[in-house]
Structures are given as C-alpha cells and as structure tokens.
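We use all heavy atoms of the structure for the numbers below, so side chains are in, but hydrogens, waters and symmetry mates are not. All ligand and atom numbering here is 1-based and tracks the order in the structure. Bear in mind that the values here come from a model prediction, so they are computed numbers and not experimental data.
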Amino acid sequence: MRLLAALEFLRHSLRAGAGEVPVSKPAGWKNIGLVAFDLLPLARDYRPFVLASIQPLGLEAVKMTVPLIAPYGGSLVDLRIPIERFEDLKAHAGNLPSLLLSERSVCDLELLATGAFSPLDRFMGKEDYRRVRDEMRLARGCLFPVPLTLPVDPAPAIKLDRQVALRNAKGEILAVMTVEEIYEWDLAEEALRVFGTQDLRHPLVAEMHGWGRLNVSGYLQVLQLPRHHDFQELRLTPIQARVRLEELGWQNVVAFQTRNPLHRAHEELTKQAIESVAGALLLHPVVGMTKLGDVDHYTRVRTYKALAERYYNSGRILLALLPLAMRFAGPREAVWHALIRRNYGANHLIVGRDHASPGLNSNGRPFYGPLDAQRLVETHSEELGVAVLPFRELVYLPGEERYVEASSVPPQAQTASISGTRVREYLNEGKSLPVWFTRPEVAEILAETHPPRHRQGVCLWFTGLSGAGKSTTAEVLTILLLEHGRQVTLLDGDVVRTHLSKGLGFSRDDRDTNIRRIGFVAAEIVRHGGIAICAAVSPYRATRNDVRNMVGTDRFVEIFVDTPLEVCEERDAKGMYAKARRGEIKEFTGVSDPYETPLNPEITFDTIRHTPQENAHFILDYLVEKGLVKRSEAHLD
Ligand code: ADP
Ligand code: ADP
C-alpha cells in the first residue's frame, strides 16, 4: 500500500512538473527521497526530474545537497528489470531450465544486481576472470581483486545462447541469465593466485573443491532480490545508502567493515576517524556469509543497533547491512571491501591488522602478514578513490577513563585492554564484560546468546580407516559425556548409511555427499548447544576441512584414529578387507582408494597400545581442559 501510495504521489509530481500541484506530503513521510528511490526503475530514470519536481513543494527530506564520491566506474549498475516487465519475464522464466544457486551465488547476485560491485554487471566471463585472477583487473582495466564467478556442473540445460532461470534454494526465480560463455577453471591456479595458498584450512580453498568445474557467464535480468525478513529497515542498496548519506550532509564518508561485535575501542576508533576527516560513518557490517563460528548476525546486528542509537550522533552515522559472501582473501579482499564501499558512497575505509583474515593455516601460522591488507589497499587507494584510515590500536587509561592511541601512552602509564581471546573467555565463563570495555547494552545482548563454554556445542569428528576403532571408542565416549551431563548425538557412518544416507555408495561423490550430510546435521546440533560425535571413514582431507568450516573451526575437534592398515586388516571384524583384496569390493579405503591422513588434527590416538576406555578418557580430559565439559564432583579425585 505504502508503495502504491508513493507511486501515485510520484506520478502526480512528474505529471505536474515543477511545483505546480498542491500535492501534500503523505503523513509519516520523513524520507521522501528514500521512498522515491524504492520505486525503481521509474524513479531512477527520472531522478533529476523527480527532484526538480518535488523540491519546490518544500519537502525538507529532499535536501541532497552534498555530492558523495561517484560510484566506481562512474555509475551504479542496476540489473533489476523495469517493473512493467516483471509479470511477462516471470511467466517466461517459469518455462526455462533452472539453475540452483548456492548461498554464496545468491549473495553475489544480490550485490551484482544493486550495483555494489559496479562496474561489474555479471558473473565473470573468461577474460575478466583470467585478468582478475592474475592481475586484479577486469578485462577493461578497472581494478577488481576477487573472481566473482558462477561455477556449475556440466548439465544439458547449460548451453550457449540459451536462457536459464536462476533460482534460490527455496525455488524462487531470482533472475534470468542468457548464457554467453561457458569455460573451465583451474582450482589450483585460482587458489594460489587469489588466496596465495592451496592449504585446505583456508575456508574458500576448501569450499572451492565442491564447486562445479565450469563457470557460466552472460547477460542478467534480475526479477527480484532475495527476500530478507530480518532488519529490513537496515538493508539498504547502494542507491538507498547514498540517498541517506547525502541527507546526512557530509561529503566525507568513512566505512567500517566488520563481522564482529563492536567494543568501546571500536566505537572510539570510528568516532575519531570521522572527526579526523570531518565526515560521517557508514557502519557496514557483513551479514551475508562470514565464517561459521562467528557470532551470528542476528546477535551482532542487535548490538550495532543499540550502539548506533545510543552512543553515536545520529547526524553522523548510517548503519546498513551488507549481504556480502566473504572470501577471506586477506589483502585482495580488503581492496574489494574498499571498492564495494565506494559504491555505497564512502571515500574512506578503516583497515586494521589482519583484515578479512581466514585464521591459521595447517601449520598453525597466519595465511597473510598482519599489515598486508592495509598495504595493498594503500597501493590502490588513489585509483579506487578510497583512502585508508589505519585501524590504530587504542588502549584504555583507567585513571583518566578514556581511550588513547597505544603508541602515545607514556611507558609507565597504567593501561587496560582485553584481547579477543579474553573476550571469549569472559563470555565462556559466563562473566559480564567490564563497562569500560563494552557498553552494557552490548554486553547484555552478547551474554544472552552466548552460554558458558560447558553448555556450548562441539563436534567431535573421528576419522580413520575402516576397523580403526572409531565406532568402538565413540560409543564409550558417548556414555562418558552423558554421564557428565552433556547432550550427545552419535552419528556413526555405518548407521547413517542406513537412513540419512541410504542408497549412497562409495564413489568419491557419494562419499562426499555422505560426509556433508553428517556435517550438516552436526552443525545444527552444535549450533543448538549439543555435542555431535561423528564416526565415519571420511577419507578426503578437503571434505573434512569443509565440514570443519560448516561447523565452525573453533567448535570442531578432529580426532584421528591412527590405526595402521595392517592392524585394521588383521582385525577385519566385518570381513570387508578380505573381500576388498579379492576385488569383490571396489574403491575400498586403504586398499584400492586413498585415505588422506589429517594434517594437525586436534587429537590423535593409538588403538594398539590403548584400550577404547583409555582413549575415551583421554578425549574427555581434552574436553574438560578446554572447558567444554565440567568435571562433576564424583570425578575430582
Ligand atoms: P571403525 O568404526 O573405525 O570402522 P570399529 O570400532 O567398528 O571401527 O571396529 C574396531 C574393531 O577393532 C572392533 O572390533 C574392536 O573391538 C577392535 N579393537 C581392538 N582394539 C581396539 C581399540 N584399542 N580401540 C578400538 N577398537 C579396538
Ligand atoms: P565414508 O566416509 O567412506 O562415507 P562410512 O564410515 O560412512 O565412510 O562408511 C564406511 C564403512 O562402510 C566402512 O567401515 C566399511 O564397513 C563399509 N564399506 C563398504 N564399502 C567400502 C569402501 N569401498 N570403502 C570403505 N568402506 C567401505
């Protein structure tokens, strides 16, 4: 209704021309500019005219006095079809073959459609892809640091010059693509050049192993953006964010990218940043795909709202949510973040140490240097039109009750600071964060959704050859954990294959499907505070790492049951090895199919020198030490 009323109002204004009609502003429309631009594409096409028409009406909301930095490449891409073509194209799309988009591709499509990736207007074709991968540039020369592709498996529907309907997981048609290019891509090459590593602990490198082998590209007509039911008032497209920023009236806009809750130091830092450039803050948290294990976006956004409403000057902050699927490409990702924020109207970006970092690699070392991201954005800053404001370390001076830059504190001064790890410890121990560190409203929201560690979920993932002793040990451990008051679900490979994965065989694809299914269920259990014990051969490293990321790396304990093949074969409880040796079972792990040993698993145990009971107690001790299990009184002796 509101939209229709707005449309009517706009039509009136357009028809009437400058200031001629006595159209009164509908009640409650503080922000006519924003409403008008919701009426895309009509309003977009007539933007100058609309402004000229409604300005004389005296609507104070249509100030738009200060020009923001132009979008990258000059104008914002908008792939949404005009409203009047919607019904026809929707009917047509319903008859086309479908392509099911992953969650990542849905995020990418949304940001392509609204121009957040301007000047890119499609999933990358081969030339763009190659040059982006190798040189961080689109074929036409503009910077673009991250490949943005639509990988698919070969399928009869994917043919050149044909149209396909792009659907989300709910089956809704989001867009129609005219397939103009189909090309192969090389995983190793992309991983090395873009992420600088082939290490499967990198969440994107692990995920890429599950992507289709072909990339498709072509002209996109977007019917609708993915629907979001949460925080709708904060989900601003680039044009909407620009209108709101223009209304704030500051030419300089400092963007702050985050996927974490904000503490007082962040607040101080962002306030100092906008002061230093006399500008406004675009608080722009990522709510698309971050890292599993991050604080969920519902909780985070509640904290951002509380902060923005109570602790910032409302004339100098815009809180908007960014449905970005992060790549954790470190330095390259930081350049991407700068480019995206420019499209939203920002000309400054705060870049800290380890920006967009994927965590630690298989050797426990960081993937990128702490300042690599800052440096790379600085190198391209002028071309991007986005200046880097380094995220300086701030410390609290308890005596003076204020934050100052760490480097300017005299050596003898008493300072206070809390590391990210310590924050987690506070929450894990169920203690509230001190007021000097976190605003009380934020601390309360975090405490509400963050139970103490011994009530949080965890996934215990047993891997090893058939007959290694996974099930036997897992069964003992299950009982011990139940005895310690934890909720446990045991997902045993052999059992899962009788229901959840019934019908799946042992080809690589089927095994991956089996493991991902177990991983999916485990992730749900963990999210709800339970312990998931999984015991499947899970022979492939990439798939195990994928599951680690699905669950969240700090909630995943990989347990390698390190029993040598000869011992498993000798035990041969199910007679499988004998059959495999006779060739009656094909692709048998360890005999005719590889088993990829885990690199740095959290726990490794030996079933030759230790009994199942000893090993189960060994794992229990580990969980107690990590605070995941509280040792009951009876076991304190
Ligand atoms: P998996 O689940 O790894 O395929 P199972 O637990 O089903 O393996 O089978 C392991 C077999 O090895 C069982 O028959 C078990 O009795 C025997 N076994 C012998 N010693 C041990 C040990 N220390 N730990 C676990 N299993 C052992
Ligand atoms: P996966 O990780 O391979 O899906 P599961 O634990 O679900 O492993 O299934 C492995 C069990 O299935 C083995 O313990 C073995 O009893 C049986 N099995 C049957 N065929 C094979 C095979 N080709 N390779 C490995 N295990 C097999």
Closest candidate by heavy atom, reference atom 18 (N) of ligand 1, pool Gln613, Glu614, Arg571:
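That would be Arg571.
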
| field | Of the listed options Gly590, Ser538, Ser471, Ala536, closest to atom 2 (O) of ligand 2 (non-hydrogen atoms) | value |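 Going through Gly590, Ser538, Ser471, Ala536 one by one, Ser538 has the nearest heavy atom to atom 2 (O) of ligand 2.
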
Residue [X] vicinity, atoms of ligand 2 by number, heavy atom under 4.0 Å:
| X | value |
| --- | --- |
| Asn514 | 1 (P), 4 (O), 7 (O) |
| Asp494 | 11 (C), 12 (O), 14 (O), 16 (O) |
| Gly493 | 6 (O), 7 (O) |
| Glu587 | 22 (C), 23 (N), 24 (N) |

- Message: For Ile515, which part has a heavy atom under 4.0 Å from ligand 2: side chain, backbone, both, or neither?
- Response: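 Side chain only.
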
How does Thr589 reach ligand 2, by side chain, by backbone, by both or by neither, if only non-hydrogen atoms under 4.0 Å count?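 Near ligand 2, Thr589 shows its backbone as well as its side chain.
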
Taking [X] for the side chain and [Y] for the main chain, is one N or O donor matched with an acceptor at less than 3.5 Å?
| X | Y | answer |
| --- | --- | --- |
| Arg300 | Val295 | yes |
| Arg486 | His454 | yes |
| Glu333 | Arg327 | yes |
| Thr472 | Gly469 | no |
| His209 | Arg541 | no |
| Asp572 | Met576 | yes |

Tell me which protein heavy atom sits closest to [atom], plus the residue, atom name and distance to 0.1 Å.
| atom | value |
| --- | --- |
| atom 16 (O) of ligand 2 | Lys574 NZ, 3.1 Å |
| atom 25 (C) of ligand 2 | Arg511 NH2, 2.8 Å |
| atom 10 (C) of ligand 1 | Gly467 O, 3.5 Å |
| atom 6 (O) of ligand 2 | Val537 N, 3.1 Å |
| atom 14 (O) of ligand 2 | Ser466 OG, 2.9 Å |
| atom 8 (O) of ligand 1 | Gly469 N, 3.2 Å |
| atom 7 (O) of ligand 2 | Arg497 NE, 2.8 Å |

Under 3.5 Å: N/O of [X] near N/O of ligand 1:
| X | value |
| --- | --- |
| Lys470 | yes |
| Asn615 | no |
| Ala468 | yes |
| Thr472 | yes |

Under 4.0 Å from any heavy atom of [X], which atoms of ligand 1 are there?
| X | result |
| --- | --- |
| Pro612 | 22 (C), 23 (N), 24 (N), 25 (C) |
| His610 | 23 (N) |
| Leu465 | 3 (O) |

Heavy atom of Lys586 under 4.0 Å from ligand 2?
->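 Contact present.
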
### Message
Within the 4.5 Å heavy-atom criterion, are Val222 and Glu110 side-chain neighbours or not?
### Response
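No, their side chains stay 4.5 Å or more apart.
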
Flag for [Y]-[X]: side-chain donor and acceptor within less than 3.5 Å:
| X | Y | answer |
| --- | --- | --- |
| Thr299 | Asp296 | yes |
| Asn615 | Thr473 | no |
| His450 | Gln456 | yes |

Under 30°, 30 to 60°, or over 60°: which ring-plane class applies to [X] and [Y], parallel, tilted or perpendicular?
| X | Y | answer |
| --- | --- | --- |
| Phe231 | Tyr298 | tilted |
| Phe560 | Tyr595 | parallel |
| Phe117 | Phe144 | perpendicular |

Short N-O contact, Arg511 and Asp593, less than 4.0 angstrom
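Result for this pair is yes, salt bridge flagged.
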
Less than 4.0 angstrom from a charged side-chain N to a carboxylate O is my criterion; do Asp492 and Arg497 meet it?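 Not counted as a salt bridge, because no side-chain N and carboxylate O are separated by less than 4.0 Å.
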
Checklist entry - For ligand 1, is there an atom lying under 4.0 Å from some heavy atom of Gly464? => result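 False for this residue.
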
Exercise. Is the shortest distance from a heavy atom of Ala535 to ligand 1 less than 4.0 Å?
Worked result: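 Outside the 4.0 Å threshold, so no.
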
### Task
Using distance alone, determine whether Phe506 and ligand 2 share an N or O pair under 3.5 Å.
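No; every N/O pair is 3.5 Å or more apart.
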
